[in-house]
Each structure stands twice: as structure tokens, then as C-alpha cells.
Amino acid sequence: MSTTIDLPILAEAPSPAPFPNTSPTEATGDGRTVYIETYGCQMNASDSEIVLGVLDGRGYRSVDSADKADVVLLNTCAIRDNAERKIHERLSALQHLKKGNSDLVVGVLGCMAERLRAKLLEKELVDIVVGPDEYRTVPDLVDKALHGDKGIAVKLSRVETYDDITPVRTEGISAWVSIMRGCDKFCTFCVVPFTRGRERSRNVTSVVDELKALQDQGFREVTLLGQNVNSYRDDVSGADFADLLAASARAVPTMRIRYTTSHPQDMSDKLIDTMAEWHNICKYIHLPIQSGSNRILELMNRTYTVEHYFERMDRIRAVMPHVAMSTDIIAGFCTETEDDHQRTLDAMRRVRYDGAYMFAYSPRENTKAWKMGDDVADDIKSRRLQEIIDLQHSISAEINAAEVGRLHDVLVEGPSKRNGAEWKGRSDTNKTVIFPHIGETTADYVVGDTIRVRITRSTSATLFGERVE
Ligand code: 5AD
Ligand code: SF4
């Protein structure tokens, strides 16, 4: 990457010495209860499991609601302004719990903690503020808070990967495994390089060992996580992300393997070929395009052109014709014109994504784009976003309608939310599939099985079908 970057501050509060999450002699939680509420991306979901792992090793027990807990932690997101607004609202709503229980410890973790730091402690109710690289300090900070001292730990690390922490996972068949942390891409709109620090990877052996343990525990699917997995590198063995994927697929042949998120600049032929080669690597790629205009991509510092993006896409589809694709799109970035916006719609028509995450541009303080201004009026931004959403909706509906009659191998997840007589699962291509359930005694499949389903109807979001033998 050729642009100069302002590195985030790397020191603020000293960290205590690290400790493993298994030593009973250090237990300080004494059976106290903790509740974590998670906002934002899958990386945060995975981090919450790591925080629970750290607390579990110190004698804390996790509970499923704030009113049962001695310690309430919000693991936060700072990616857009409305993500932060939600947290402020949630903190206000927690005031009543604190009034009823003055011993309650309230903590803010994650990207918003890293971004706002001590400012969050100005809120009377917040006792501890902990950034993404300081989760080992949570038990000590909670102890101090119980003695009336507020605490903050927001130092970013160049090495922390929580490799030795065993995450406490919620029961199920799918698990998150973070393989790298941080991001060095510095897209000009994005706060993540400032809140999560520099890229660093776990080594292949540690990831593969974790996958084998998950397979032994009965997990059937794993999603390898990183802000930009294509930058994965094992400094010990020299393995890149394609090597890690292949090693994972080989190590846990009965598990489905997914990953997210990729960057179009680094979507190598080797990675595409590795995906095609292994039956248990899911044929689904999330590849954020952000904009269909080269002028805007340059202002965003995305380091690729739409032509490069299309070429990668064509290659992916040549090698994996039935692959499903999704993307991220930002509407109304600084200086975006009607022509730029039309180019984004054109790119969507060209690629025909199965799904998309679509956002209005939200300026973030301290990013490069912050200084470029936010000059697309709100009503224009909203209208463009709506056009993008409408187009995606119709493309998804068309793509899903073409699925009718096709067969999918569906990993059974359990009852669907809407109707107890129906169960749901996911296709290899990451689509939700709903199918009739004929009762525990007669259905010869259980949660975690893979069954074959013929698609009979569809909407833009969901496929419906019937089991075939
Ligand atoms: N405004 C709007 N969307 C953003 N994203 C990241 N930063 C911003 C921002 N400031 C989106 C990008 C990214 C996804 C995770 O969130 O599309 O890929
Ligand atoms: Fe943010 Fe860009 Fe890094 Fe993704 S690649 S986390 S959008 S800076």
C-alpha cells in the first residue's frame, strides 16, 4: 500500500502479566456471574467468547441476561455512528439495574471502548473500559471496580492473538475461530485499523488444533475470521491463507469450513483453486466491492479498480460455477456523484450478488475520509442507498427463483423461528433453507446432520424445500 498512514496510539494503560484461563489457584470471580451483550461483526462475537474464556478461568459463570448478572459487559462496535448511538441508548437503559444494585459492575469492551477511551468513564454507570487487545485485564479490572475503582485498558498490541485462551462457546453446531486480528489496509472511511490495531496472525498448528478439538466436541461448521483473512501469514511456517485453508480442510474432513472477510486486492488464484479443490470448503465468498466507481475506490484507498474486481470475479466463477457471492456497498461516500452511484448499480448488475450488506456512508472521526468532508446530502444518500437495496432485493429474488428444482446439501440447524413444524438449515452456499419437519420420532435426522433438500419455492432471502433421500 503506498499511502502514508497515521498509526494509532499504541500505549495508554499498562497491562498486568498474562495468565492462562485454566488456573484454579487464580480464581477471583468466586462464582460471580457475568453477562456479555455483543454488538457488531462476527469478530466481536468471537471476542466475547474469548472474554468469557478469560473470566471462566478466574471462576466467573456466564448467565443469559443482565438482570441475573454481577458483571454486565457490552462488547461494542464503532464502525458507523448509529452503532455507537445504540450503545449509548443501551447504557442509559442499564441505569435502572445499577440503581437497584450498587455493586453491579458495568463494562464497555471492543471498538467503541478503544475509540472513546476515558470519555466513556465520564458516564457515571461505566466502571471499566477495555479495548480489543486488553481482554486479559478484564478480571483484574472487575475486581478493582468491586472496590470502587474505575479502570481502563486500551493499549493496542502487535502480538496479542489470545492463542492460549479457550473460548467459552454457546452450544450449537457452528463455531467462530479467529485466525488473525487487526487490519493494515487503512481504507479511508474505516475506523477498524484504529480500534483493532495492526495485523497479526495465529500459527497454523494452533488453528488446526482448535479445529480438531471443535470437531471432537461435535461442531459441524467453522468460520475462520479476520478483518482481512487474505493477509493471513504464519510467521513460523510461512503459510499463507490458502495454505491454512487447505490444512484446515484436511484436518477436519467432517466439518464445513467458511471464512470471512476477504479483500479483492489479495484474492489470489491459489486461494480460489484451494477453495475449489476441497469439498468441505464452502462455495461462498464475501468480497466487499464498496463502490463501482474507480474514482471513489481511489478516494477510499481500496487499492483495486472495478476492472480488477470483475476479473477476480470472473476467475472465481470460471473455477467454481455455482459459487455464491456477497458484498458490502457504501452509498454516498464523500464527493460521490450521480454518475459514481450509477456505476455502483452497474457493478451490481454485472456481478449479480446473491446478497449484500449495504450502508449509508457514516463519517468517522480521525479517519482520512473525515477530513474530506461529508458532502452528499442525507436525502440523496438515503435515496441512493434505497436504490441499491431495491436492486439487490430484485437480483437476490431472481437468483433464488432459479434455485427451484435444484438439490442442496443442507446442514440442519433446528426449528425455524416462525413455524415449529418447519426446520431450518444452511446450504453450502450460505443460504437459509426451510423444510418441513415430520416430528422427532419419524424424522431420521437430527441437528448437525447434512441432508439433501430439493428447492420448491423461494423469496429474496430464503429457500424452501423438501427432503429427498
Ligand atoms: N460508513 C459506512 N459503512 C462503513 N463500513 C466501514 N466503515 C464505514 C463507514 N464509515 C462498511 C464497509 C465495510 C463494512 C464492514 O462496513 O462496507 O466493508
Ligand atoms: Fe476497514 Fe478496509 Fe480493514 Fe475492512 S479492509 S476492516 S473496510 S480498513
Side-chain angles (χ1 to χ4, degrees), residues 1 3 5-8 39-45 47 76-86 110-112 114-115 132 156 178-201 225-232 241 259-267 285-293 296-304 309 325-336 341 344 347-348 353 355-376 378 381-382 384-385 388-389 392:
M1 214 173 56
T3 47
I5 51 178
D6 302 318
L7 287 177
Y39 296 81
C41 62
Q42 294 101 327
M43 203 70 190
N44 264 10
D47 278 0
T76 63
C77 171
I79 200 121
R80 284 170 289 277
D81 188 50
N82 55 5
E84 290 199 1
R85 229 175 304 136
K86 234 193 274 175
C111 287
M112 194 174 158
E114 191 64 47
R115 198 181 86 75
L156 290 172
S178 71
I179 58 158
M180 60 173 303
R181 302 180 69 83
C183 181
D184 290 353
K185 288 287 184 198
F186 286 91
C187 300
T188 57
F189 52 79
C190 187
V191 79
V192 167
F194 301 93
T195 60
R196 286 188 166 271
R198 302 288 54 78
E199 282 173 1
R200 70 221 94 119
S201 303
L225 292 178
Q227 240 72 43
N228 173 24
V229 291
N230 315 64
S231 297
Y232 173 89
F241 182 60
Y259 67 88
T260 197
T261 292
S262 315
H263 192 288
Q265 187 202 3
D266 312 319
M267 194 75 209
I285 301 181
H286 180 69
L287 198 60
I289 187 170
Q290 313 295 4
S291 169
S293 155
I296 294 292
L297 287 175
E298 177 139 19
L299 283 177
M300 288 177 163
N301 188 35
R302 286 294 287 178
T303 67
Y304 56 83
Y309 188 97
M325 302 281 325
S326 63
T327 199
D328 292 342
I329 297 173
I330 296 178
F333 186 67
C334 324
T335 77
E336 187 189 75
H341 169 59
T344 297
M348 294 170 69
Y353 296 102
Y357 299 87
M358 301 157 284
F359 313 102
Y361 170 58
S362 168
R364 309 310 288 138
E365 222 172 331
N366 293 328
T367 58
K368 276 211 163 168
W370 174 263
K371 298 178 202 100
M372 298 177 197
D374 179 23
D375 58 357
V376 178
D378 282 351
K381 233 188 237 182
S382 309
R384 288 181 188 164
L385 177 61
I388 289 168
I389 292 171
Q392 184 53 48

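Ligands are counted one by one from 1 in listed order, and the atoms in each one are counted from 1 as well.
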| request: Not counting sequence neighbours, which residues clear side-chain contact (heavy atoms from CB on, under 4.5 Å) with F359? List them please. | output: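 If we apply the side-chain contact (heavy atoms from CB on, under 4.5 Å) test to F359, skipping adjacent residues, the hits are R80, D328, Y357.
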With rounding to the nearest 0.5 Å, note down the distance linking [atom1] in [X] to [atom2] in [Y].
X	Y	atom1	atom2	answer
R302	I289	CZ	CD1	9.5 Å
I79	C190	CD1	SG	4.5 Å
M112	T195	CE	OG1	12.0 Å
N230	L287	CG	CG	8.0 Å

| message | Please list the nearest protein heavy atom to atom 3 (N) of ligand 1 with its residue and the distance rounded to 0.1 Å. | response |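 Ranking protein heavy atoms by distance from atom 3 (N) of ligand 1, first comes R80 NH1, 3.2 Å.
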| Of the protein's non-hydrogen atoms, which lies at the shortest distance from atom 9 (C) of ligand 1, and what is that distance? |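 For atom 9 (C) of ligand 1, the nearest protein heavy atom is S362 O, 3.6 Å.
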| field | Neighbouring protein N, O or S atoms of atom 1 (Fe) of ligand 2 [cut-off: under 2.8 Å, no waters] | value |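 Under 2.8 Å from atom 1 (Fe) of ligand 2 - ignoring waters, which are not counted - the protein N, O or S atoms are C190 SG.
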| For Y361, which residues count as a ring-ring contact (aromatic ring centres under 6.0 Å, His included) partner, sequence neighbours excluded? |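 ring-ring contact (aromatic ring centres under 6.0 Å, His included) list for Y361, sorted by chain: F333.
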| field | Qualifying residues under ring-ring contact (aromatic ring centres under 6.0 Å, His included), relative to Y232, sequence neighbours excluded | value |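 For Y232, no residue satisfies ring-ring contact (aromatic ring centres under 6.0 Å, His included) once neighbours in sequence are set aside.
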| query | Within a strict 4.5 Å, meaning less than it, do heavy atoms of the C334 and L299 side chains meet? | reply |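 No - every pair of side-chain heavy atoms lies 4.5 Å or more apart.
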| query | Got I285 and M267 here, is their nearest side-chain heavy-atom distance under 4.5 Å? | reply |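 SC-SC contact between I285 and M267 confirmed.
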| Part of R302 within contact of ligand 2 (heavy atoms, under 4.0 Å) |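 Contact part for R302 vs ligand 2: side chain (C-beta onward).
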Within the 4.0 Å heavy-atom shell around [X], which atoms of ligand 1 are there?
X	result
D328	13 (C), 14 (C), 15 (C), 17 (O), 18 (O)
I330	3 (N), 4 (C), 5 (N), 12 (C), 17 (O)
Q290	12 (C), 13 (C), 17 (O), 18 (O)

Location of contacts on [X] toward ligand 1, heavy atoms closer than 4.0 Å:
X	answer
F189	both
I79	both
A360	backbone

| field | Passing candidate, side chain to side chain contact (heavy atoms under 4.5 Å, CB included) with I329, options L385, I388, I389 | value |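 When side chain to side chain contact (heavy atoms under 4.5 Å, CB included) is applied between I329 and each of L385, I388, I389, only I388 qualifies.
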